[in-house]
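The block underneath contains the structure these notes are about, expressed in structure tokens.
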Amino acid sequence: MPEDRPRPWFWLLKSEPDTYSIDDLKRDGTGPWDGVRNFSARNRLREMKRGELALFYHSSTKPTGVVGLCRVAKEAYPDPSQFDPESDYYDPKATEEKPRWSMIDVRYVSHLPQMVTLEEIKATPELGEMVLVKRARLSVQPVTREEFERIVELGGGTLPKGK
DNA sequence: GCCAACGTTGGC
DNA sequence: GCCAACGTTGGC
């Protein structure tokens, strides 16, 4: 995707629902997106702008797929768990002066009326170039506007207006 | 639970 | 800077 494409950009965020589900985010209103320990995913987090929309994807469940929408509530800041030796996400190479890992906050927007499964996405020709299909393991991904809108449509949802 | 794909580390 | 070894993700 060209870097000069106009804002807003669109995103896909993966979470295991056993860890943090769309229902958890709905309950919380705004939630932390932390624990990312992969450099490309982190770099994507750092590109995300407040107000931009993301597809909320449930991974490692049956079936996997997009279940709803959220938006960036707070842009990237240092993930405190990297400094905490007690945390699963502790990184001994990170220091307060030179943090390695970032997190964002996201705000709940909506559930899609129907989940859009990975199977469905793979079966939709216009979605064949999605990062989700091409680089399955990346947990924070860019999505084109067209892909975003197509998935919302497949899920029977409506595009949220404004910020 | 398996295992393919792929990201990261570290020796050279 | 390459690449083998190793670790992790995530669909199935």
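Just so we're clear, the structure is a prediction, and the values are computed from it rather than from any experiment. Just so we're on the same page: letters track the sequence lines, and every chain starts at 1.
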Starting from [atom2] on [N], measure out to [atom1] on [X] and report it in whole angstrom.
{"X": "A:L132", "N": "B:dC6", "atom1": "CG", "atom2": "P", "value": "13 Å"}
{"X": "A:D88", "N": "C:dT8", "atom1": "CG", "atom2": "P", "value": "12 Å"}
{"X": "A:N43", "N": "B:dG7", "atom1": "CG", "atom2": "C1'", "value": "13 Å"}
{"X": "A:F39", "N": "C:dG7", "atom1": "CZ", "atom2": "P", "value": "17 Å"}
{"X": "A:I121", "N": "C:dG11", "atom1": "CD1", "atom2": "C1'", "value": "13 Å"}
{"X": "A:E119", "N": "C:dG11", "atom1": "CD", "atom2": "C1'", "value": "12 Å"}
{"X": "A:R137", "N": "C:dG11", "atom1": "CZ", "atom2": "P", "value": "11 Å"}
{"X": "A:R135", "N": "C:dT9", "atom1": "CZ", "atom2": "C1'", "value": "13 Å"}

Judged by atom type as modelled, is there a donor-acceptor pair below 3.5 Å linking the side chain of A:Q82 to the main-chain atoms of A:P99?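 No: the side chain of A:Q82 does not pair with the backbone of A:P99.
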Apply ring-ring contact (aromatic ring centres under 6.0 Å, His included) to the pair A:W101 and A:F39, showing each step before the final yes or no. CA-CA 8 Å; A:W101 305 109; A:F39 290 105; 4.8 Å; yes
Using only heavy-atom distances, determine whether the side chains of A:D79 and A:S81 contain a donor-acceptor pair under 3.5 Å.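 The criterion, which ignores hydrogens and geometry beyond distance, is satisfied for A:S81 and A:D79.
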So, is [X] near the phosphate of [N], with a side-chain N or O under 4.0 Å from OP1 or OP2?
{"X": "A:R37", "N": "B:dT8", "value": "no"}
{"X": "A:K93", "N": "B:dG10", "value": "yes"}
{"X": "A:Y57", "N": "C:dG11", "value": "yes"}
{"X": "A:K122", "N": "C:dC12", "value": "yes"}

Identified side chain to side chain contact (heavy atoms under 4.5 Å, CB included) partner of A:V131 from the options A:L12, A:L138, A:V143: A:L138
Answer yes when A:E47 and A:R44 have at least one side-chain N-carboxylate O distance shorter than 4.0 Å, and no when they do not.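 Yes.
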Looking for any heavy atom pair under 4.0 Å, which part of the strands does A:K62 touch: base, sugar-phosphate only, or nothing? nothing
Can you identify which nucleotide, out of B:dT9, C:dG10, C:dG11, has its nearest atom closest to the A:L118 side chain? C:dG11
